[in-house]
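Everything below concerns the one structure shown next.
Each chain gets a letter, A, B and so on, in the order its sequence line appears, and its residues count up from 1. Keep in mind that the numbers below use all heavy atoms, side chains included, and drop hydrogens, waters and symmetry copies.
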Amino acid sequence: MKNLFRATAAVVLAIFALASCAGGGDASKKVLNRSSIAKIKSFDPANLTDLYTTTVAGDVLEGLYEYKYLADSYELQPLLAEGLPTVSADGLTYTIKVRKDAFYYDGTKTIFKDGKGRAVVAGDFVYSIKRLADPAVESGGWWLFDGSLKGLNEWAEAAKTSGKADYSAEIEGVKALDDQTLQLTLTKPYPQIQYTLAMSFTFATPHEWVESGEDWANTMVGAGPYYLDAEQTIPQSKYVLVKNPAWHGQKYPTEAGAVAKQMGIDKAATQDLPFVNTVVYNIIEETNPRWLKTLSGELDLGGIPKDNFKDAVDADGALIGEPAAKGMTLQKVPNSEVTYYFFNWEDPILGAPAGEKGKKIRQAMSLAWSTEKYIEVFDNGRAKPSHTVIPEGFGGYDPDYKNPYKAYDVEKAKALLAEAGYPEGKGLPVIKFEHTGSAALDRQTGEFFAKYMSEIGVKIEDVYNDWPGFMKKVDKHQAQMGGLAWGADYPDAQNFLQLLYSKNAAPGPNSANYSNPEFDKLYEQASVMQPGAERDALYSQAALIAVEDAPWIVERARITFALNQSWVKNYRYRDIGSGYSKYIDIDLAAKEKALAAK
Amino acid sequence: MFSYLVRRILNLIPLLLGVILVFFLLFNFVGGQESFLYNVLPAKSHTVEQIAYYKHKYGLDKPLIEQYFDLVRQVATFDFGRSESTKQKITTLIARHVPNSAILTFPAFAMEIIIALIIASLAAFYRGSLLDKSLTFLSVVGMSISMLVLIILGQTLLAYEWKLFPISGWENGPGAIRYLLLPWLLWVLVAVGYDVRFFRTALVEEGEKDYVRTARAKGVPERRIIFRHILKNAMIPVLTYVVIQIPFLLTGSILLERFFSIPGIGDLMVSAIFSYDLPVLKAVVLVYTLFFVGFTLVTDVLYALVDPRVRLN
């Protein structure tokens with residue numbers, strides 16, 4: 001019996017010893033431990049539509065342009081291009097020189113046997129863009145190019161008709177003049193196209209990779225600072241990215257904006273990138289283990305789950321508790337987005353058919369709603385009210401402008417409702433509010449909104465859908481009102497104003513089906529102009545028309561609370577673009593010291 | 001025996017067709033296919049043409065009867081196509097996830113059964129004593145605590161505070177064991193209570209049978225009665241219970257897989273539900289069905305081998 005007890009004790013001790021031995025590894029190597037809150041999908045650049053897969057892919061694949069890491073706003077800089085595009089006087093032709101020193105690296109060593117492959121050439125970008133148009137690829141990024149490049153839609157149509165895309169066919173609008181020169185010819189001015197060349201959809205894609213087998217998109221062959229080896233094919237619980245020995249190289253930026261200087265991340269100027277040898281993306285979908293791993297130091301970067309917010313951040317937004325004691329740093333960054341409640345422009349009560357009456361109801365409902373209170377109750381203060389469709393920091397955004405219908409003024413709202421012929425809401429039919437989900441948060445939001453509307457006598461019927469059910473109603477113009485959000489694809493207000501352009505009515509992104517010829521005219525005029533003060537003024541004017549018409553109750557931009565450990569250097573949260581791991585450094589000595597102190 | 005086996009296999013065909021029909025009706029009339037369609041459309045902008053394209057691509061524009069037989073064909077050929085969400089071959093996805101679930105569940109199940117048998121034997125042997133009452137009480141307590149609570153407690157206390165286990169994670173190969181210890185422990189804690197009560201009842205019932213009383217009357221030593229007679233005969237319901245559990249084991253433990261980042265089949269199914277990945281969901285549900293039907297067949301055949309009367313019926 002004694003022996004049995006000893007043997008059992010030995011086994012238990014061995015199990016605990018095995019369990020508690022840390023991963024460790026070679027301390028001389030710098031590893032950046034990150035997390036992804038969702039599974040990695042396909043690495044096919046034409047279908048990099050989700051943030052999490054794009055973040056991983058952005059460290060391995062590169063495009064012609066990227067965003068300046070230390071600039072205050074999102075400004076383009078060349079990456080695989082030699083310089084910014086040369087634009088013809090009519091704004092229709094973009095000529096881009098591709099750098100000569102960029103090579104692909106195949107970590108699986110199946111396509112390029114030695115790892116280092118051939119040079120990146122202009123033809124690779126022609127190929128990437130053609131893939132977006134190929135119906136068989138079913139790209140989620142096609143809408144960005146649809147109708148923009150001469151001959152591309154015709155090529156796509158021919159592919160649809162014949163059932164097979166002809167990649168050898170020349171297209172007038174997308175040409176490689178030689179290995180180093182890419183020429184894009186537009187059907188009409190589309191200055192935003194330069195931003196699409198910084199998006200994941202147009203990452204350099206070698207055709208050898210796509211042709212390497214049916215599961216080619218389970219791994220990546222890119223020209224970026226890191227690569228994936230053969231062990232890291234989808235699906236994994238973590239993806240280990242290793243420094244690319246064949247990378248073209250880059251220096252830490254010398255020019256820094258005020259924000260970067262204030263953060264103190266401008267000190268590494270001219271140092272060679274990337275700083276860390278390995279980037280690990282751990283897939284952790286549940287918040288509890290993710291939070292515990294952040295606190296334990298296993299993750300270098302993290303966020304604060306809603307349930308733990310009060311233990312980590314005080315009323316003034318400063319770090320408290322364990323994260324503060326561990327010396328973590330908190331960044332609060334407003335997202336480049338807008339959330340909104342839309343009114344169906346075709347609705348006989350709330351929309352254009354109701355004329356001035358409908359307009360006054362919409363304005364009244366906007367005045368009766370308190371976004372500030374919503375942010376306090378539901379966002380833990382982690383959002384900023386928006387006043388127009390244009391997000392903060394974008395051309396056309398006016399930081400001093402206050403939307404007069406966002407003032408939370410119940411008396412004024414009642415007055416407007418009375419002017420519309422519905423004093424105290426009498427005679428106004430019940431308004432159906434379509435929700436995108438049926439979870440507790442959706443129901444709480446629904447009740448909260450209904451409570452505010454009841455103050456002016458407007459009765460709300462909450463309809464809880466699942467996302468597809470909601471979208472189906474929106475597509476069929478059957479949603480009387482509903483809530484949506486839009487995150488920036490690129491840093492141009494056109495990306496947001498298009499949500500109110502009449503030609504984009506549902507199933508396009510204009511879910512309100514808003515239509516105002518004056519707005520359309522300004523949108524059409526401004527969206528084809530090159531960036532500048534004149535264009536921004538037109539954007540502002542268009543946004544103000546929408547404020548007055550009130551097809552939306554403009555809501556808020558959520559604020560990301562991004563945490564990093566005390567030993568992480570140069571980290572800056574950016575919500576547009578990818579490939580930022582190369583700028584982040586780890587102070588190994590500080591890490592060792594901090595972990596030992598625990 | 002051979003004709004019995006053939007008969008049983010032939011019986012499976014209408015059963016499978018029925019299951020596929022129920023599945024098909026659920027997914028058509030409780031909203032699955034429409035939801036799926038709206039999920040595969042590009043999130044930021046889509047057109048009427050794209051809606052028609054995807055309807056055609058997935059055969060949703062075909063008459064229902066044709067759609068049903070398409071589904072039957074997929075099951076028969078075990079070709080479910082590719083995941084709409086990840087674009088990967090679904091059979092490959094299943095083949096990669098099932099072993100991870102099995103590594104999680106089989107050892108945990110085996111450990112739990114052994115522990116439950118030992119505790120149940122003690123409780124049965126000392127029936128009515130304080131030990132029996134204490135063990136029964138603890139079993140009920142164990143049954144009453146939800147897996148979710150135990151996972152959060154386990155991760156927070158045992159892994160984060162006391163650093164006895166990793167918080168979560170996964171490695172392919174033997175490295176996985178380190179990450180499986182806590183999930184195994186939690187599995188045992190959750191399942192052992194129920195099984196102790198079940199096994200105890202089986203042992204107590206067996207111990208009350210006439211042949212046991214006869215053995216005692218004849219002066220057979222108590223240890224011999226327990227190990228040679230009671231335990232041996234009580235194994236019949238226990239083994240039946242174990243065999244019935246096997247398909248459940250292959251389907252994994254959704255909560256454990258989610259919280260511990262274990263890439264198992266349960267986790268695959270939840271991800272498919274969240275992303276409305278109908279092709280994957282369809283395949284996983286039908287694979288679950290095949291597991292159950294397959295193991296039911298195995299159990300029936302084993303019974304028939306042991307008891308010839310089953311064959312005659």
Side-chain angles (χ1 to χ4, degrees), chain A residues 15-16 18-23 38-44 47 49-50 53 135 138-144 146 160 214-215 217-218 231 234-238 282-286 288-293 295-296 298 466-472 475 486-487 489 498 504 506-509, chain B residues 31 34-48 50-51 53-54 57 82-83 85-89 92-93 96-97 100 151-152 155-156 158-160 162-172 177-179 181-182 185 258-263 267-268 270-271 274-276:
Chain A
I15 286 173
F16 281 132
L18 183 62
S20 46
C21 67
K39 285 193 174 57
I40 299 308
K41 295 183 176 174
S42 159
F43 287 129
D44 176 358
N47 276 305
T49 49
D50 74 294
T53 310
E138 297 170 3
S139 169
W142 169 230
W143 65 280
L144 291 156
D146 190 2
K160 201 185 285 177
E214 58 177 7
D215 288 321
N218 286 354
E231 299 294 312
I234 296 173
Q236 298 292 333
S237 281
K238 66 179 175 192
N282 298 276
I283 313 301
I284 313 173
E285 293 175 274
E286 295 295 331
N288 188 56
R290 201 166 54 245
W291 178 238
L292 294 175
K293 277 179 172 257
L295 290 179
S296 69
E298 286 178 53
D466 55 8
W467 170 253
F470 172 82
M471 281 313 296
K472 199 175 153 189
D475 279 2
W486 186 270
D489 297 290
Q498 58 143 354
N504 287 342
Chain B
E34 277 284 326
S35 299
F36 162 69
L37 181 66
Y38 271 83
N39 193 57
V40 297
L41 288 164
K44 286 220 151 179
S45 179
H46 53 263
T47 60
V48 175
Q50 280 171 315
I51 295 172
Y53 169 81
Y54 282 106
K57 179 183 172 185
R82 285 183 175 259
S83 156
S85 163
T86 66
K87 312 288 179 197
Q88 290 161 312
K89 217 171 176 180
T92 311
L93 273 177
R96 285 181 74 163
H97 284 75
N100 296 338
I151 288 173
I152 291 173
Q155 286 188 323
T156 309
L158 302 179
Y160 174 64
W162 300 343
K163 298 182 178 19
L164 295 173
F165 304 98
I167 295 164
S168 72
W170 182 258
E171 269 174 32
N172 293 322
I177 294 174
R178 196 162 81 86
Y179 296 102
L181 292 171
L182 183 54
L185 176 66
R258 292 289 293 180
F259 275 82
F260 288 94
S261 302
I262 298 167
D267 186 44
L268 179 70
V270 173
S271 298
F274 284 163
S275 58
Y276 291 97

Original post:
In terms of heavy-atom pairs under 4.5 Å with chain A, which of Pro263(B), Ser271(B), Ala159(B), Ser83(B) leads?
Top reply: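 Most heavy-atom pairs under 4.5 Å with chain A: Ser271(B).
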
Nearest 0.5 Å please: distance from the [atom1] atom of [X] over to the [atom2] atom of [Y].
X: Ser168(B); Y: Asn282(A); atom1: OG; atom2: CG; result: 7.5 Å
X: Trp142(A); Y: Gln50(B); atom1: CH2; atom2: CD; result: 10.5 Å
X: Thr86(B); Y: Asn218(A); atom1: OG1; atom2: CG; result: 7.5 Å

Measure distances from [X] to the heavy atoms of chain A and classify the residue's part below 4.5 Å as side chain, backbone, both or neither.
X: Phe259(B); result: both
X: Tyr53(B); result: side chain
X: Tyr54(B); result: side chain
X: Leu182(B); result: neither
X: Ile51(B); result: side chain

Under a 4.5 Å cut-off applied to non-hydrogen side-chain atoms, are [X] and [Y] in contact?
X: Glu298(A); Y: Pro166(B); value: no
X: Arg96(B); Y: Gln236(A); value: yes
X: Lys87(B); Y: Asp44(A); value: no
X: Ser261(B); Y: Ile283(A); value: no

**OP:** Between chain B and each of Arg290(A), Glu231(A), Lys160(A), Lys293(A), count heavy-atom pairs under 4.5 Å; write down the option with the most.
**Re:**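 Looking at each of Arg290(A), Glu231(A), Lys160(A), Lys293(A) in turn, Lys293(A) comes out on top.
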
Toward chain B, the part of [X] with a non-hydrogen atom under 4.5 Å:
X: Lys238(A); answer: side chain
X: Asp475(A); answer: side chain
X: Ile234(A); answer: both

Original post:
What residues form a side-chain hydrogen bond (donor to acceptor under 3.5 Å, both in side chains) with Asn100(B), not counting sequence neighbours?
Top reply: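 Checked Asn100(B) against side-chain hydrogen bond (donor to acceptor under 3.5 Å, both in side chains); zero matches.
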
Original post:
Which heavy atom of Tyr160(B) sits nearest a heavy atom of Leu295(A), and at what distance?
Top reply: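 Smallest heavy-atom distance, with atoms named: OH-CB, 3.3 Å.
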
Original post:
How close do His97(B) and Pro235(A) get, heavy atom to heavy atom, and via which atoms?
Top reply: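 Reported closest heavy-atom pair: CE1-CG, 3.7 Å.
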
Subject >> Partner residues of Arg258(B) under the salt bridge (Lys or Arg N to Asp or Glu O under 4.0 Å) criterion, sequence neighbours left out >> reply: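 Arg258(B) satisfies salt bridge (Lys or Arg N to Asp or Glu O under 4.0 Å) with Glu285(A), Glu286(A), Asp267(B) once adjacent residues are dropped.
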
